[in-house]
Every structure is written in C-alpha cells, then in structure tokens.
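Note sheet for the following structure.
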There are 2 protein chains.
Amino acid sequence: MSNPFLEVVSQFTPLSAGSQSALAAVLKRLELEKGHVLVRQNTVCQWVYFIEKGLTRTYYYKDGKDVTDWLSAEGQFAVSISSFMTQQPDRRIVELLEPSVLWAISHTDLENLYQQHHDIERLGRLLASHGLLLVQQRFDELHFATALERYRNLMALNPTLIQRVPLGMIASYLGMTAETLSRMRAQI
Amino acid sequence: MSNPFLEVVSQFTPLSAGSQSALAAVLKRLELEKGHVLVRQNTVCQWVYFIEKGLTRTYYYKDGKDVTDWLSAEGQFAVSISSFMTQQPDRRIVELLEPSVLWAISHTDLENLYQQHHDIERLGRLLASHGLLLVQQRFDELHFATALERYRNLMALNPTLIQRVPLGMIASYLGMTAETLSRMRAQI
DNA sequence: TTCAGATTTTGACAATTATCAAAGGATAGA
DNA sequence: TCTATCCTTTGATAATTGTCAAAATCTGAA
C-alpha cells in the first residue's frame, strides 16, 4: 500500500482490496504552492483534502476580523466541514500555509463510494466520529479554560504547530489576541 | 412507523424494512424520573439515548466546578460522546432534568447492526456528521463571541431551553457565570 | 400553609483580556 | 545590500467578566 491516504485511513478500519482500488481510482494527487486557496469564501466545498505534506489553515471573517478556525498538518484532513457535509456555501476559507502535497476526493465520488462499498461507508462514519471528538476537545478547551491554560495545552499537545504557524494565527486559533499571546510567551 | 426514534432517524436516510425491524428489536423504551443518572462519572457509556419526551444534561467537574457541557431535549440524543465512541471512561455525567421517555441502544447492539446493515452504517455516519456540525456551531459561538452575543444566540435558536433549565446551568452551558447571565438578563 | 433549602439577584471589587498606539525585528524582493 | 512590508513585542488604558458576599426570591415537602 504505497498511498499515504490509504495507509492512514486503514488504521480506522480495514478496507477490502476492491474498496482500496476504488478509492485510489478517484484520489487526485496535488502539489500546490504556499498561499494557494483550496476553498474560497462563500462557495461550496466540493473536495476533501488529505495532507501528505504541508500545512493548511481554515479561517473566516467575523466583523471584519480574521478568525483562525482550524489548522491541519501531515496525516490530517483539510475541509470546510459544514460546507462539504451540507453542500451549501460557507464563510470558511481554506488556504495553504506551506507548499503542500495533498490527496483530494470530490464529494460526488465519495458519495458514490459510500453507496457502493459498505466498508467505505464505515470509514466515513469513523472519520466523522473522530472529527467529532477533535472538535469536542477544542470546545472543551475553550469552555472554561483561561488563555494561559489554552496556550499551555497547545504546547503540550501540538508544539510543532507553534513553530510553523505565525503567532497571530495561533492566537486566533486559541481564541485570544496576538498581544495577549505574545505577553504570555514572554512571561513563561 | 409508530416508533419516534425510527421516525426521526429516517429523516437522515431511508432504512429498509429489515433494518427498521432490526433496530426496533434492540431498542429499549425507558420511563425515568427526574434526577435519574444515565451515565455515571468515570464509567464507560454503554448506551446512546434518544429522547422521546424530557430533557437531559451532560456535565462534568472542572476544578471542583460543575460545567454544563450539553443539553438535549425531544428528538435529540443524549450520550457521553467520547466515552461511547472510544468505550473508555470519561468524566462526563448525563442526568435527567425532567421525567423522561427514552429509547436506548447499547453500543454492542449498534456495532452489530452496523456490521449487518449497510443502511444503518450510513445512518451512523450521517448522525455523527450531524453531531459534528452541532459541536462546531457551539465551538464557533464560544470562539470569538461575547457573553451577551452567546446569550442572544441561544434566545434566538433555542428559547424554550431557557425556560426549562435553571439559570445557573444555562450560564455554564454558555461559558459564563450565573451572576453574569443574571445581569445580562436584567439589562435587556 | 409554612419553612428550609436551593436558586437568583444585586453590590463592590478584582482579575483577565482587549484595544489602540508605537517601537522593534524579521523577511523577501528589487 | 537595502528597503518596504509584515509580524511581534511592549506600554498604557479600557472593557468585560469573574469572585465573594449578602439579600431577595422561588420551590417543594411536611
């Protein structure tokens, strides 16, 4: 199994040879430069992207201010979740923070695969469940943690992100201003 | 289709007659009094509950303080999500805020149904996806909204909750203290 | 109906975090 | 190498929200 996407997802559930080749047949490999926009504002997200190499940021504008919603790196997925799931436009923008190698599947292809392969439908369920847990973890962190606790948490769980992503975006990701994060970093 | 659970879930995806009866065969109807604990602290959540009538609260203790994580009413589900999905103990407690009529499915039964019925696996995927959207909505709200915005949002989206749930729990659900919510309510 | 206990409100004050502004550093292209 | 631009830091101040305490109100059981 030479495809990194198949390697990662088969850790969620084993896939039959047929399902693997059906998936491989619709996967598109992309090499894109830093700054490339995967999903434009207020459009329908038609693709889900698996990151072989690189880094993506999902963000939106709230009252004119740039809010970093999500960051994804190697082995993870980048997508405007609500838009992909509902096939409705969404304010979320997905862009590359680094030159990246991605594997893309279209919504249409994925729906067809779900219809035809029970094990791929299962994979979809497990990936959605896993995504739910990730969002819940971030929600918990925001729910009653101080700015310092949130920063410490990120340092513990994902220290490399702090080196790869500009401070202002990390701050926004953590729900605080760049000034607050800068001060926190100074006093640790 | 006289089962309220089947009526609601069939809005996500149509189920074959066989899948419907297989689901009906493992569903257990429960009538429980207010205050009943569905999921105890630090135990594995073995059941997912569909609410025909009533109201549940999911909460946990953070630094000795009671944090209301989620509220579910008629037509929704109550579960300690991460515990149910991972089958690991979790700090979340699920209790009834009102006398309730519930339909329960065990994790084991559900896994078997997923194996045997592609359309139930699909239902699971769609319910997980839908849950993901709900958590994401709450996350967005917490991310860069003020306490007043969050309260207004709840009044707009779910005004009945405010009448059915004690103020202190609503405040915690919204990520603020009871005093702050009380003051907000006074000045509107 | 009455009362004990729980919940909500109000007040005074403190802590946290945001905002605005300006200075200091880093970075990439000419 | 130089410079324009962007990013980060620092300072002063303001706004928001939390904490602690006490009073007011509500609720349910005897």
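Since the structure is predicted, the reported quantities are computational estimates derived from the model, not experimental observations. Order of the sequence lines fixes the chain letters, A, B, ..., with proteins taken first and strands second; residue numbering starts at 1 for each chain.
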Point to revise | Pi-cation contact, A:Tyr151 with A:Arg185 (under 6.0 Å, within 45°) | key: no
Check your understanding: Any idea how A:His118 and B:His118 line up, ring-wise: parallel (<30°), tilted (30 to 60°), or perpendicular (>60°)?
Key -> parallel
Point to revise | Separation of D:dG11 C1' from A:Gln187 CD (nearest whole Å) | key: 15 Å
Check your understanding: Would A:Phe139 and B:Phe139 count as a close aromatic pair, with their ring centres under 6.0 Å?
Key -> no
Point to revise | Test: A:Arg91 and B:Asp140 ion pair at under 4.0 Å | key: yes
Check your understanding: When you check every protein heavy atom under 4.0 Å of nucleotides 6-23 of chain C, what one-letter string (B, S, -) results, 5' to 3'?
Key -> --SBBBB----SSBB---
Check your understanding: Do the numbers put B:Arg122 on top of the ring of B:Phe12, so that NZ or CZ is under 6.0 Å from the six-membered ring centre and no more than 45° off the axis?
Key -> no
